Amino acid sequence: MELKELILHAMTQKRWRECKTTTPKHWLRHLALVSAYEPCSPWWWFFLYWFQVEDASFHWTSLLG
């Protein structure tokens with residue numbers, strides 16, 4: 001049951017919609033941001049090893065930023 005709720009809220013941002021202090025425009029912006037972020041997360045986790053550097057010198061991953 002909790003997994004179902006998690007999926008529902010992740011896909012629709014339902015609680016944001018229920019907030020009385022925000023407008024529908026705010027909810028739509030938030031939904032767009034979350035929808036763009038979620039598919040990228042696994043890529044960041046997978047490539048995290050290559051993006052971490054030990055010192056402050058230039059590293060090839062800086063070009064991706």
Side-chain angles (χ1 to χ4, degrees):
M1 186 54 130
E2 287 150 6
L3 181 60
K4 182 180 172 185
E5 285 287 313
L6 174 70
I7 293 170
L8 172 71
H9 286 279
M11 300 301 270
T12 63
Q13 299 299 304
K14 185 178 173 182
R15 290 188 73 194
W16 247 80
R17 241 187 190 169
E18 294 169 357
C19 183
K20 302 297 182 207
T21 61
T22 62
T23 65
K25 186 169 118 179
H26 290 134
W27 169 78
L28 190 58
R29 278 192 209 156
H30 180 74
L31 182 64
L33 180 67
V34 170
S35 298
Y37 173 78
E38 286 175 349
C40 293
S41 295
W43 288 104
W44 294 331
W45 301 330
F46 181 76
F47 290 111
L48 185 62
Y49 173 78
W50 289 281
F51 287 104
Q52 291 179 332
V53 293
E54 301 217 1
D55 55 14
S57 65
F58 179 78
H59 194 264
W60 70 270
T61 56
S62 300
L63 297 173
L64 298 174

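Everything numeric here is computed off the predicted structure, so don't read it as measured data.
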Self-check item: Rounded distance [0.5 Å steps], CD in Gln13 versus CG in Leu28
Solution: 11.5 Å
Self-check item: Atom of Pro39, atom of Ser35 and distance for their closest heavy-atom approach
Solution: CD-O, 2.9 Å
Practice problem: Give a yes-or-no answer on whether the side chains of Glu5 and His9 include a donor-acceptor pair shorter than 3.5 Å. | Solution: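 Judged by distance alone, the side chains do pair up.
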